[in-house]
Amino acid sequence: MSSLANIHFYDLHPPLANLKEEVLQGLSTSPKAISPKFFYDEYGSQLFDQITELEEYYPTRTEITILEEYADEIVAFLGKDALLIELGSGSSQKIRLLLDALKPAAYMPIDISKAHLLKSAQTLFNDYPHLDIHATCADYSDHFHLPYNPEKVPKAAFFPGSSIGNFEPSQAYAFLKRVADFLGKNSTLLIGVDMKKDPQRLNEAYNDAKGVTAAFNLNLLQRINQELDANFEMDYFKHYAFYNPQLGRIEMHLMSNIPHEVHIDGQAFYFKENETIHTESSYKYTIDEFQALAQTAGFQAVKVWTDKARLFSVHCLRVI
Ligand code: AVJ
């Protein structure tokens, strides 16, 4: 643990080992698949920030309007003087909407992208010099322990952006159970969940006209080339994203345009024409579906807020 003023930093994440192991394993399975968590190197995190400003990508701005409109109600449920844990904090923009009213005892942003986490924590500290920040580099999709967990301080968690959608429903259940366990009885989880809607609106949100989402998807191959010395040819792949109504999810893939071979760590991986690497699922839920899932994982649904067009939902859940 190192500390700058009130910024404590904990590094719980073995970066390189994971990337190599999971990429080699993912490309050895059929169909090929690589976890979306590897999108978020420094450049990938910047591209995602650009995605959140796209006309087609409604989730971020819609969630922000909900948090702004119902901030007082939300703060009342979260409670003051708590240790506020944010999973997948990214650039810590949304938390600012709650910080002024919340006055938490401490704030723990958790993110897999170390550089982005530190930069965001420093920027936040400049604006909130009295905030006790415990920046934690960890992979929340895996088991991890809270590096700072003072007794007698109530805990609340914030999981915005519908990142819960990246988990298969069975994994989402396991993740929510882990969160309920480290929060403890009567603690609160505030979670953003993108809702099921017209497939055309969903397809547009993941196939923006400027091609930023395509660049975000392809950046995964560039990252593997840089960090694992692979020889992916960007021109041999194209971005392919669509809504799968049977499974209620957006699927993102990288499709191979021609038959070819890629070498990573001395291993050869063969790609047929039109073969894909599945790089992300983004499940969408109705309010009832999500509340039912949360219930099975040990949460009681306390309150849910949506925007007028019912594009996005923010749920307040309590550990039972
Ligand atoms: C950050 C996982 C919520 O699935 O909508 C945005 C990531 N992928 N555009 C999502 C993403 C393509 C985003 N999450």
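Indexing begins at 1, ligand by ligand and atom by atom, following the structure's order.
- Those atoms of ligand 1 that come under 4.0 Å of a heavy atom in Tyr57, given as number and element, are 3 (C), 5 (O), 6 (C), 9 (N), 10 (C), 13 (C).
- Taking any N or O of Thr213, backbone or side chain, none lies under 3.5 Å from an N or O belonging to ligand 1.
- In this comparison of Lys37, Met252, Glu280, the heavy atom closest to atom 8 (N) of ligand 1 sits on Glu280.
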Can you give each donor-acceptor pair under 3.5 Å made by side-chain atoms of residues 210-217, sequence neighbours left out, with the distance rounded to 0.1 Å?
{"unit_1": "Thr213", "atom_1": "OG1", "unit_2": "Asp208", "atom_2": "OD1", "d": "2.5"}
{"unit_1": "Asn217", "atom_1": "OD1", "unit_2": "Thr279", "atom_2": "OG1", "d": "2.9"}
{"unit_1": "Asn217", "atom_1": "ND2", "unit_2": "His239", "atom_2": "ND1", "d": "2.9"}
{"unit_1": "Asn217", "atom_1": "ND2", "unit_2": "His253", "atom_2": "O", "d": "3.0"}

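- A salt bridge links Lys119 with Glu42: the distance from a Lys NZ or Arg NE/NH1/NH2 to an Asp or Glu carboxylate oxygen falls below 4.0 Å.
- Of all atoms in ligand 1, listed by their number and element, those nearer than 4.0 Å to a heavy atom of Ser282 are 4 (O), 5 (O), 10 (C).
- Contact atoms of ligand 1 toward Asn166: 2 (C) (distance under 4.0 Å to a heavy atom of the residue).
- Shown in contact with Tyr40 at under 4.0 Å from a heavy atom are these atoms of ligand 1, numbered in order with element: 1 (C), 7 (C).
- Contact atoms of ligand 1 toward Ser162: 3 (C) (distance under 4.0 Å to a heavy atom of the residue).
- Each of the atoms 8 (N) of ligand 1 lies under 4.0 Å from some heavy atom of Phe216.
- A 6.0 Å sphere centred on OH of Tyr58 holds more than 12 heavy atoms belonging to other residues, nucleotides or ligands.
- Using a 4.0 Å cut-off between charged side-chain N and carboxylate O, Lys114 and Asp11 make a salt bridge.
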